[in-house]
There are 2 protein chains.
Amino acid sequence: MPASALRRPYRREGEEKRRDDLIAAAMALVAEGGTEAATVRAIAARAGVTPGLIRHYFQSKEELTHAAYRHVMESMTQEALRASESLPEDDPVARLAAFIAANFRPPVMTPAVVGVWASYMHLGRNDPVMHAIHEATYLGYRDRLQDLIAALPRPADPARDRRQAIACNALIDGLWIEGGSLPNSFATGEVQRIALDGIGAMLGVRFPASAYSDTSDTSDRKTAP
Amino acid sequence: MPASALRRPYRREGEEKRRDDLIAAAMALVAEGGTEAATVRAIAARAGVTPGLIRHYFQSKEELTHAAYRHVMESMTQEALRASESLPEDDPVARLAAFIAANFRPPVMTPAVVGVWASYMHLGRNDPVMHAIHEATYLGYRDRLQDLIAALPRPADPARDRRQAIACNALIDGLWIEGGSLPNSFATGEVQRIALDGIGAMLGVRFPASAYSDTSDTSDRKTAP
DNA sequence: CTGCGAATTATACGATTGAACAATAAATCA
DNA sequence: TGATTTATTGTTCAATCGTATAATTCGCAG
């Protein structure tokens with residue numbers, strides 16, 4: 001046969017960019033159609049490459065999945081942390097409020113992100129690596145929350161702080177899941193208000209009114225090129 | 001060829017029993033290995049039949065999945081409701097406490113049940129029927145919880161009750177998820193205690209000590225044959 | 001400008017999936 | 001008992017999955 005003659009032209013890219021592109025493509029597909037939509041072929045098409053390339057950068061599809069899951073979970077914790085650290089260190093109540101509120105607006109609470117979380121979570125039941133990532137990111141988030149709680153102006157009591165951190169974390173998780181998966185069942189800002197009221201009651205703290213109206217979204221920040 | 005000669009012997013069963021068996025088999029497989037383990041062939045093998053029979057009772061595998069999901073969700077609400085209704089109607093605090101506590105012991109809070117929930121939940125993102133089941137069972141559970149909250153001895157305030165029901169439901173969900181998926185991260189009874197303390201603080205109610213020690217498990221109740 | 005290594009494409013393979021369908025045996029009823 | 005219904009089996013099919021691998025082409029060193 002006279003040979004196919006046509007072969008898709010391509011550009012060589014740095015390893016880091018290709019890995020990031022593939023992770024982003026996998027996340028986008030999972031957000032849209034769940035884990036079963038993130039096939040090797042679909043990921044490659046979304047990233048603008050051919051399926052074979054995935055195995056050039058990841059030993060298996062499983063490895064790419066692990067990288068994507070880790071990325072999703074860590075970026076949520078970092079987003080909340082960044083919000084809290086934007087406030088003065090000598091106002092622990094405001095810092096805690098900012099940390100909480102950040103979980104209930106984009107880019108953290110969106111149907112897409114909640115969908116990705118739910119899709120990946122069920123993989124943790126059989127895949128030990130996924131389970132370890134879940135455990136590490138969960139405990140990491142909770143430890144940050146416990147630090148903020150421990151910084152409140154009141155007598156120290158580590159055991160109480162631990163229990164309260166678990167409770168606050170659970171309340172945030174539950175509200176985040178339902179607010180993200182049933183967005184039409186709640187008014188704008190309602191979930192955020194319920195979270196602040198509930199945590200305020202559990203901790204015996206009254207958050208300032210400014211914490212309730214904060215709807216700033218930092219998701220369009222550009223990172224240095 | 002001289003014909004296979006051997007054909008597996010079988011018994012005819014009632015439609016109801018066969019449907020229940022297939023649903024139970026699907027749930028067991030999902031609990032063990034996630035949705036991807038619940039293939040038509042595996043479900044049939046677990047139920048003791050051959051794959052073709054599934055399509056005799058369910059128009060598609062999807063229909064069987066819907067039935068199984070609905071069953072899991074509704075049975076959890078009913079288990080909590082049964083616990084609350086076992087107490088006198090004139091003690092709304094105790095009834096609420098029993099409802100809450102029931103969520104944090106078997107048969108509701110087990111790694112298997114949480115795994116089934118997580119596995120099925122991610123299907124709701126693309127499947128409208130699964131989403132509708134999620135929404136209906138979530139709102140149904142929350143309404144029961146709101147009824148118990150509204151029955152507390154205090155001035156009526158439906159808007160407040162709604163917000164508190166959402167918060168309490170979220171706290172229960174979050175604790176149930178983490179307690180079921182990371183059982184080794186919590187001491188026995190710790191999650192239940194944290195839930196009662198947290199909800200008590202949010203509602204301004206003090207639950208009796210008896211609510212904390214209740215670890216009765218009604219899962220081995222036999223239903224009438 | 002030329003050759004070489006590596007990034008990328010293209011194709012193929014074996015396994016598994018949900019579904020479809022004809023064959024058969026168990027139960028029912030006359 | 002004998003005929004009939006239908007619950008159940010066994011097999012096949014097309015589609016799709018992750019993976020493997022050979023064939024190419026890009027980009028850089030000399």
Side-chain angles (χ1 to χ4, degrees), chain A residues 1-23 25-26 29-30 33-68 119 123 126-127 129-130, chain B residues 1-23 25-26 29-30 33-69 119-120 123 126-127 129-130:
Chain A
M1 244 187 276
S4 54
L6 296 189
R7 191 184 173 113
R8 169 209 270 229
Y10 62 91
R11 285 198 324 152
R12 295 193 172 196
E13 297 283 359
E15 167 168 345
E16 194 177 358
K17 166 160 172 54
R18 274 282 134 92
R19 291 179 66 99
D20 289 351
D21 284 351
L22 289 170
I23 289 173
L29 285 165
V30 170
T35 49
E36 64 269 17
T39 67
V40 169
R41 288 165 177 82
I43 293 169
R46 175 66 65 103
V49 299
T50 51
L53 192 61
I54 289 181
R55 300 253 328 197
H56 187 73
Y57 289 108
F58 298 92
Q59 209 166 10
S60 69
K61 186 202 170 187
E62 209 177 16
E63 194 179 304
L64 167 56
T65 300
H66 296 160
S119 297
L123 296 181
N126 291 33
D127 184 334
V129 177
M130 292 290 279
Chain B
M1 243 187 276
S4 53
L6 295 189
R7 189 185 174 113
R8 168 209 271 226
Y10 61 92
R11 286 198 324 153
R12 292 194 172 194
E13 298 284 358
E15 166 168 347
E16 194 177 358
K17 167 160 172 54
R18 274 282 135 91
R19 289 179 67 97
D20 289 350
D21 283 353
L22 289 169
I23 289 173
L29 285 165
V30 170
T35 50
E36 65 269 16
T39 67
V40 171
R41 288 166 176 81
I43 293 170
R46 174 66 65 104
V49 299
T50 52
L53 191 62
I54 290 180
R55 300 248 331 196
H56 187 74
Y57 288 108
F58 298 93
Q59 210 166 8
S60 68
K61 186 202 170 186
E62 208 176 16
E63 195 179 304
L64 168 55
T65 300
H66 296 160
Y69 183 48
S119 297
Y120 278 142
L123 296 181
N126 292 24
D127 184 334
V129 177
M130 291 291 279

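All chains are named by letter (A, B, ...) in the order of the sequence lines, taking the proteins before the strands, and each is independently numbered beginning at 1. Because only heavy atoms are used, hydrogens play no part in the values below, and waters and symmetry mates are left out as well, while side chains stay in.
Interface remark: the A/R55 side chain does not form any donor-acceptor pair with the D/dT19 base, using a distance-only criterion of under 3.5 Å. The base of C/dT8 is not paired with the side chain of A/R11 by any donor and acceptor separated by under 3.5 Å. Remark: the A/R7 side chain and the C/dT9 base include a donor-acceptor N/O pair separated by less than 3.5 Å.
Between the C1' atom of D/dT24 and the CG atom of A/L53 lies a distance of 14 Å, rounded to the nearest Å. Rounded to an integer number of Å, the gap from CD of A/E36 to P of D/dG18 is 11 Å. Here D/dT5 presents its C1' atom at 11 Å from NE2 of B/H56, a figure rounded to the nearest Å. Rounded to a whole Å, the CD atom of A/E62 is 11 Å from the C1' atom of D/dG18. Note: OH (A/Y57) to P (D/dT19) measures 18 Å, nearest angstrom. Here C/dT8 presents its P atom at 19 Å from CZ of A/R41, a figure rounded to the nearest Å. A straight line from CD of A/E13 to P of D/dC26 spans 13 Å, rounded to a whole angstrom. Taking atom CD1 of A/I54 as the reference point, atom P of D/dT19 lies 10 Å away to the nearest angstrom.
In this structure, the nucleotide among C/dT8, D/dG18, D/dT8 sitting nearest to the side chain of B/T50 is D/dT8.
Taken from CD1 in B/I43 to CG in B/L53, the straight-line distance is 12.0 Å, to the nearest 0.5 Å. Separating the CD atom in A/E62 from the CD atom in A/Q59 is a distance of 10.5 Å, to the nearest 0.5 Å. For the atom pair B/E15 CD and B/H56 NE2, the distance stands at 7.5 Å (nearest 0.5 Å). Note that CG of B/L22 is 13.0 Å distant from NZ of B/K61, once rounded to the nearest 0.5 Å.
Closest-nucleotide positions on DNA chain D for A/Y10 and A/S60 were compared, and the one nearer the 5' end corresponds to A/S60. Both B/T39 and A/P9 sit near DNA chain C, but only A/P9 has its closest nucleotide nearer the 5' end.
Within the 4.0 angstrom heavy-atom criterion, base atoms lie near A/V40. Looking at heavy-atom distances under 4.0 Å, B/R8 makes contact with sugar-phosphate atoms alone, never a base.
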Apply side-chain contact (heavy atoms from CB on, under 4.5 Å) to the pair A/V40 and A/F58, showing each step before the final yes or no. CA-CA 11 Å; A/V40 169; A/F58 298 92; over 6 Å; no
